[in-house]
Amino acid sequence: MKNSKKAISKTNGRGKLQLVAKADAAAKTAEHRKVVPLNERRLNFGEKWKYAPAPEDNKYIKIAPRHELFIDGKFVAPSTGKYFESLNPATEEKLTEIALAGEQDVDLAVKAARRAYDKTWGKMTGRERGKYLYRIARIIQEKSRELAILETMDGGKTIKESRDVDLPLVAAHFFYHAGWADKLQYAFPGRNAQSLGVVGQIIPWNFPLLMAAWKIAPALACGNTVVLKPAETTSITAMRLAEIFQEAGLPEGVVNIVTGAGQTGAAIAAHADIDKLAFTGSTEVGKMIAKSVAGTRKKLTLELGGKAANIIFDDAPIDQAIEGIISGIYFNQGHVCCAGSRLLVQEGVFPTVIKKLRDRIQTLRVGNPLDKNTDIGAINSKPQLEKIRELVESGVAEGAELVQPKCELPAKGYWYPPSFLTGVTASHRVAQEEIFGPVLSVMTFRTPEEAVERANNTPYGLSAGVWTDKGSKIFKIVNKLRAGVVWANTYNKFDPTSPFGGYKESGFGREGGLQGLAAYTRLS
Ligand code: NAI
Ligand code: MG
């Protein structure tokens, strides 16, 4: 009896509480509706969803005031005696000085790579090479937090991306290629896969460590030695990688890292004792490199720019597609060669897509890249910011409408808010040229045939996206797209097993998977 009384009063109590809570919620909803009328409801939750600052601690990260060249297993001063600064683009603070390698240094690096190829690496069994690659992969995993923070500080990308996307993929690339090192005869059955010799590799600033891994891991797995040049704004993590090679006991000269800008890159491309050249960067520089290599014995792979179409059919799951559009163009501040930078929307769903996109970009957080909640970090450099601004201005001058959320940008550093342009036509510069920033050009289409025609109407052909709930439509469209990588109902997904590369002015050759391995071997 006593017990049941207690139970009743308890229930009553809870009931009352629930009622109060319901009344509260109703009041709050009413209040919310008062601010934002139902017919123009936005994903705007006012202060309710405001995130507390969550900065990644970088106080323990030590950056040497100077970084030398890594040649023949040692850190050496450049023959030029010159150094250049590397900045944190989010604060404009100088982080360190980086050695400027001249022709003489490049020559020393190539000679060291040749010696290592002839004496150690080229002769080693695949099984032994694989052990080194596994060791490197494991050290990268151990140091991944530190490397992620450095990547964010030097390049401006968000810690969320460098920690959760870049670093896991860097380790995965070394693991994947470690596995192939002693199995090349299975990768190319019935054929004899031989190494090429000394490989020159030039990489860009948008995924500094990941591009280094994409280049170095397959080259080493196949028995080649390397001279690598990181991009001038993002060399710090490449030099940490050099320390990791030392720690892993990689024989001296197997990987040499020379830092500098375009001239240093050109010296690598022009060196007579390079057997293969691999370049990732702008189409403009890619063309120059192709010219300098023409008529020589050098093998060449080029991974250049892109202007990918992200195609939304009217039967697509729209909310998922919106997330795909967001990650397609705003991931890594849009500094992505395969970014879904041209949005093609079927006319029937155009108003819905634009409304939802407008709402969604309002919720993206721009600012301190070291904050774990930041969605869009700093633009990599001042020249890149100027390029984005100039192209967007040209778009507006040519008649497009610019949509940008209201957001406060930090006073220092290089920033650009997530933006999109509507009313873009195929002839506009913003529909043809790579903006390489968080700016989307939106166009419409009526029929699948028109979507394909518009998607292919570009000098590039690196990637594309297709959103529809019909599998048959996916296969039909994908086969007609002149793009090296096509994502269906997703975007910007990467994996070391999956080959990546382009058509037309996006370059040639593939990286990743078996095709990527083939690019570092001579098959007989
Ligand atoms: P870039 O092509 O000049 O730089 C990429 C790499 O090439 C860097 O390491 C650079 O030092 C090196 N390089 C420059 N000139 C060279 C030469 N003559 N010979 C050999 N190596 C050379 O790209 P940049 O100037 O940093 O960016 C300009 C535009 O290029 C961007 O706005 C973007 O549109 C595009 N880009 C595309 C990338 C991609 O992954 N597809 C990556 C970087 C830039
Ligand atoms: Mg920097």
Side-chain angles (χ1 to χ4, degrees), residues 63 67 84-98 100-101 106 150-157 200-208 210-212 214-215 227-239 257-271 274 277-293 300 302-308 332-339 341 369 378-391 413-414 432-437 439 460 462-463 484 500-502 505-507 511:
I63 303 177
H67 286 80
F84 57 94
E85 292 183 352
S86 198
L87 301 180
N88 179 338
T91 60
E92 296 177 57
E93 276 162 7
K94 172 180 162 181
L95 293 173
T96 184
E97 283 178 4
I98 309 279
L100 178 68
V106 168
L150 280 167
E151 198 78 318
T152 287
M153 289 173 73
D154 201 17
K157 65 169 61 198
Q201 305 180 319
I202 301 165
I203 56 172
W205 40 262
N206 50 346
F207 293 90
L210 184 57
M211 288 302 107
W214 275 33
K215 297 270 183 289
V227 176
L228 174 99
K229 191 196 85 65
E232 52 272 37
T233 56
T234 52
S235 305
I236 296 179
T237 47
M239 298 326 287
I257 302 181
V258 285
T259 40
Q263 276 193 335
T264 311
I268 297 176
H271 199 288
I274 296 270
L277 208 56
F279 172 79
T280 298
S282 63
T283 297
E284 190 191 352
V285 174
K287 283 181 183 170
M288 280 159 58
I289 290 181
K291 273 187 201 149
S292 86
V293 164
L300 177 66
L302 296 174
E303 201 268 274
L304 310 175
K307 192 77 192 175
N332 202 31
Q333 297 72 246
H335 300 329
V336 183
C337 46
C338 52
S341 53
I379 298 303
N380 184 267
S381 67
K382 205 172 175 193
Q384 189 58 34
L385 179 59
E386 279 159 10
K387 180 186 163 176
I388 297 169
R389 285 188 178 142
E390 192 270 322
L391 266 164
Y414 314 130
Q432 291 293 330
E433 293 178 34
E434 191 174 38
I435 302 178
F436 225 60
V439 184
Y460 295 113
L462 190 56
S463 57
F500 185 93
E505 291 200 6
S506 292
E511 295 186 292

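Every number for a ligand or one of its atoms is a count from 1 in the order of the listing.
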At less than 4.0 angstrom from any atom of ligand 1, which residues have a non-hydrogen atom? List them by chain and residue number. I202, I203, P204, W205, N206, K229, P230, A231, E232, A261, G262, G265, A266, F279, T280, G281, S282, V285, M288, I289, L304, G305, C337, Q384, K387, E434, F436
Going from CG on L87 to OH on Y414, what distance comes out if it is rounded to the nearest 0.5 angstrom?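 Going from CG on L87 over to OH on Y414, the span is 5.0 Å.
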Metal proximity, L95 vs the Mg ion (ligand 2), N/O/S cut-off 2.8 Å: no
Hey, mind stepping through K215 and I202 against side chain to side chain contact (heavy atoms under 4.5 Å, CB included) and telling me if it holds? CA-CA 9 Å; K215 297 270 183 289; I202 301 165; over 6 Å; no
Is there a side-chain contact between I257 and M239, using heavy atoms and a 4.5 Å cut-off? yes
Vertex the Mg ion (ligand 2), arms to L87 O and D154 O, rounded to 10°: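 Centred on the Mg ion (ligand 2), the O/O angle is 90° (to 10°).
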Apex the Mg ion (ligand 2) - arms O from T233 and OG from S86 - angle rounded to 10°: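 Answer comes to 80°, rounded to 10°.
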N206 and K157: which non-hydrogen atoms are nearest, and at how many Å?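 Heavy atoms of N206 and K157 come nearest at O-NZ, 2.9 Å.
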Does Q263 have more than 12 heavy atoms from other residues, nucleotides or ligands lying within 6.0 Å of its CD?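 Counting neighbours around CD of Q263, 12 or fewer heavy atoms of other residues, nucleotides or ligands fall under 6.0 Å, so no.
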For W214 together with F207, are the ring centres under 6.0 Å from each other?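 Ring-ring flag for F207/W214: false, centres at least 6.0 Å apart.
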Contacts of H67 that satisfy side-chain hydrogen bond (donor to acceptor under 3.5 Å, both in side chains) - sequence neighbours left out: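 Expected list: T96.
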